[in-house]
Amino acid sequence: MDMEILQDYLPEARELLEKAQDDTLRLESDPNNDEVLASVFRAFHTLKGGAGFLEAEHLVSWTHHLEDLLDKLRSHTLVVNGAMIDAILRGLDVIDDMLQQLACGEYPGPGPEELGQLIQELAAGKRAEQVSVNGPIESDATPSNPFPPEATLLVSQRPTAAGESGLFLERTESASSSETAADEITDAEFEATLDALYGNKAPGVTSASDSGQLNSDEISPEEFEQVLDQLYGQQAPGYEQPALTATVSASSIDSEKATAEIAPPTQSVSTTTNPSSEATNASKAAPPARSAAAAQEAADTTLRVDAARLDAVMNQVGELVLLRNRLSSAIGSLGEENEDMLRIAREVDITVNDIQSTVMRLRMQPCKRLFQQLPRVVRDASRQLGKEVALEIVGEEVEIDKAVVDALSGPMTHLLRNSLDHGVELPADRQAAGKARSAKIRVAAIHLGDKVRIEVSDDGRGIDSQFVTRKAVDKGVITAEQAARLSEQEAVELIFRPGFSTNDQVTDISGRGVGMDVVKETVRKLRGRLDIQTKPGLGTSISMEFPLTMAVLPVLYLRLRREIYALPVSSIESLLDIQESRIHRMSGRSVYRVDGTEVIPMVDLGRLLHDRPLRLGSEPIEGILTERGLIMVSEVLGNEDSVVKPIDFLAEQNWYQGATISGKGNVVLILDAGALANHVIDHGGDSTIINVSCKGAA
């Protein structure tokens, strides 16, 4: 196996595979789109060619079968149906597995024999109702002939465009399956047709008395094949290239001229198999040619770079940012101001920012790459569950960091499958509730300044917080005492707990309690924010917010007594001055009343990190308001761009997102605000926030 060819082939093959799947799903709603059919055919043809260079015989064979099927579809010899779409999609999955084997340096094995046989039968014209993805459909009346009804060529005399008399051939479906093949007609049948039309007055008859001799109403097999070529090109049913092109004689050239005289323009010939004319097909084929040329021109201006090299550049830029911070801090600490040094520091700051911005853009990818697998997920799951669902995708052009796109592929699938299984009702239930039979799932990417929000929403039944709480208690996820302290929002968020599912039985779609937990953990690792909003009977919306880049993280430095920590700026809503009158005790927890409507838990970092609570009135205390709670610190210092370094030696569940180096060269731990708040919520009575006598406590 040539590894250089393999390294070039694999990225292109995966792009072709993704494009082929997207186009195949389009065919399901627009089966007569010749441009899409041609696109899928070209994808399989290109995949086969590259596999041939690599000598991957089984991949060549597999793509060849799919290419045969698509060739019949694009020539309109066969018509697209549901069984074919299912087979093509399953065939794409097999190719994906084969590409993974190639990526591991192994030649792929053969594809599933049963699916391969099904694809070949479909390409041969076997009836769609006789086959399905899961196997043959049983029927009381099994047709003796597995092929579709054959066709008959009818000859009629009509005036041509020039006003002269001409012979016209038409292909019509035959009612009987025992007749001859669509492109075959016996001499006797053809003679009988001509005699019925003209008798002995057929054009070209020189003498009525010479009826026993060979007249112009006879046509040789070669001449008849020429007529078929005029009608079908090289795609005539049953056409075999070697038999027709073995010899070329002057008589065949003369017969071609004769055919041109008696045969009508191909635009005038209508068939039940291919209603489009050659001229129309030519006009439809023109745009793909132009788009292919445009794609080639665009490819010449792009360069494929290994992701590892790009990551290395980003890491180096991160180190440059840290050096910039240290330089600025060092110059700021100088006793005397030096205009030259200050000017140099400002120029370095501007240059580093420009480099950072440029490298960030190199890592940005459109969300289309993240969303392109979702139509297939919805299609397969909805059919398996017997539900009608319309998927709407918005914001495919929104760009986000490559790390987010790569990491969210699995979580997005979990979100959609969870929505389909738990949120969307059966068509009959929706109709009974006064809704449309077809549910709607919306996936959207929204650009929000230095963040990107990705939302998955449905118009299903919503989430019943009381039902979720009861299930969590029954399955031992939480205790009854903890359940009594949960707010409605906290109860809904129980669906993200590890091992929790509202399904009592495990199915192919859900029930193991790992999908939504994966979503939450992935969002946490990507330094994102997860939010869920639901209304019973109306639907559910789950949103995730991520920073545009994962390489550089803006943080807020804070002091806890003598130690310095950092919090991601993206997790902070505002800074607050703590007022003792707003501190209360509710259900064993210390909470803070932010305004007239919002009450949130208080997170005492002194208690959690030093095992010694902060004391209001005895030492300075400031508050940092986050989405999940109010974090108590000694002092807020300031913000700075930082580079996050992972902490590999800590347990998987901890309170830190990583570490960074401050402008003064010190190692600073970056806190995870969500993990801190969750700990207080889960251990409310065990983590007394502030030991003061709370005035007005509840």
How many angstroms lie between atom [atom1] of [X] and atom [atom2] of [Y], to the nearest 0.5 angstrom?
X	Y	atom1	atom2	value
Leu391	Arg379	CG	CZ	13.5 Å
Leu92	Asp22	CG	CG	11.0 Å
Leu78	Asp68	CG	CG	11.0 Å
Leu66	Met84	CG	CE	12.5 Å
His65	Leu122	NE2	CG	12.5 Å
Ile400	Cys367	CD1	SG	5.5 Å

salt_bridge([X], [Y]) N-O dist < 4.0 Å:
X	Y	answer
Arg417	Asp380	no
Glu392	Lys440	yes
Arg14	Glu12	no
Arg74	Asp71	yes
Lys402	Asp406	yes

Closest approach of [X] and [Y], non-hydrogen atoms and distance?
X	Y	result
Leu420	Ala381	CD1-CB, 3.4 Å
Phe44	Ile88	CZ-CG2, 4.1 Å
Phe371	Val394	CE1-O, 3.9 Å
Asp458	Gly460	OD1-N, 2.8 Å
Leu73	Val79	CD2-C, 3.8 Å
Leu10	Ala103	CD1-CA, 3.6 Å

Count the heavy atoms belonging to other residues, nucleotides or ligands that lie under 6.0 Å from NE2 of His45, then report whether that count exceeds 12. no

Establish, from distance only, whether the side-chain atoms of Asp34 and His76 form a donor-acceptor pair under 3.5 Å.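 Checked: Asp34/His76 side chains pair up, N/O donor to acceptor below 3.5 Å.
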
With a 3.5 Å cut-off and no angle check, do the side chains of Thr540 and Thr534 form a donor-acceptor pair?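 Yes, a side-chain donor-acceptor pair sits under 3.5 Å.
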
Given Arg453 and Ser543, is the side chain to side chain contact (heavy atoms under 4.5 Å, CB included) satisfied, shown in steps? CA-CA 7 Å; Arg453 176 186 296 162; Ser543 62; 4.1 Å; yes

Using a 3.5 Å distance criterion without hydrogens, assess whether the side chain of [X] forms a donor-acceptor pair with backbone atoms of [Y].
X	Y	result
Ser409	Val405	no
Lys72	Ala123	yes
Ser61	Glu57	no
Gln101	Gly109	yes
Thr24	Leu89	no

Take Leu370 and Ile454 through the test side chain to side chain contact (heavy atoms under 4.5 Å, CB included) and record every step on the way to the result. CA-CA 11 Å; Leu370 175 63; Ile454 297 177; 3.9 Å; yes

With a 4.5 Å cut-off on side-chain heavy atoms, are [Y] and [X] touching?
X	Y	answer
Ile393	Pro375	yes
His58	Pro110	yes
Leu416	Val443	yes
Val456	Arg442	no
Val398	Ile446	no

Distance-only criterion, 3.5 Å: show the donor-acceptor pairs between side-chain atoms of residues 424-432 and protein atoms not counting sequence neighbours.
from: Glu425; atom 1: OE1; to: Arg430; atom 2: NH1; distance (Å): 2.9
from: Glu425; atom 1: OE2; to: Lys435; atom 2: NZ; distance (Å): 2.9
from: Glu425; atom 1: OE2; to: Arg461; atom 2: N; distance (Å): 3.3
from: Arg430; atom 1: NE; to: Ala436; atom 2: O; distance (Å): 2.7
from: Arg430; atom 1: NH1; to: Asp459; atom 2: O; distance (Å): 3.2
from: Arg430; atom 1: NH2; to: Ala436; atom 2: O; distance (Å): 3.4
from: Arg430; atom 1: NH2; to: Asp459; atom 2: OD2; distance (Å): 3.2
from: Gln431; atom 1: OE1; to: Arg437; atom 2: NH1; distance (Å): 3.1

Paired with Met544, the side chain to side chain contact (heavy atoms under 4.5 Å, CB included) test is passed by just one of Val452, Leu415, Thr522, namely Leu415

Side chain to side chain donor-acceptor pair (under 3.5 Å) involving Lys19 - partner list, sequence neighbours excluded: Asp23, Ser39

Mind checking what makes side-chain contact (heavy atoms from CB on, under 4.5 Å) contact with [X], not counting sequence neighbours?
X	value
Pro112	Trp62, Val94, Leu115
Asn33	Arg26, Asp30, Glu35, Val36
Ser438	Glu388, Ala390
Gln373	Glu18, Gln21

Trace of the side chain to side chain contact (heavy atoms under 4.5 Å, CB included) decision for Leu59 with Leu102: CA-CA 10 Å; Leu59 179 55; Leu102 281 174; 3.9 Å; yes

Please walk me through it: do Glu67 and Lys48 pass salt bridge (charged side-chain N to carboxylate O under 4.0 Å, His left out)? CA-CA 9 Å; Glu67 185 185 20; Lys48 184 177 75 172; 2.5 Å; yes

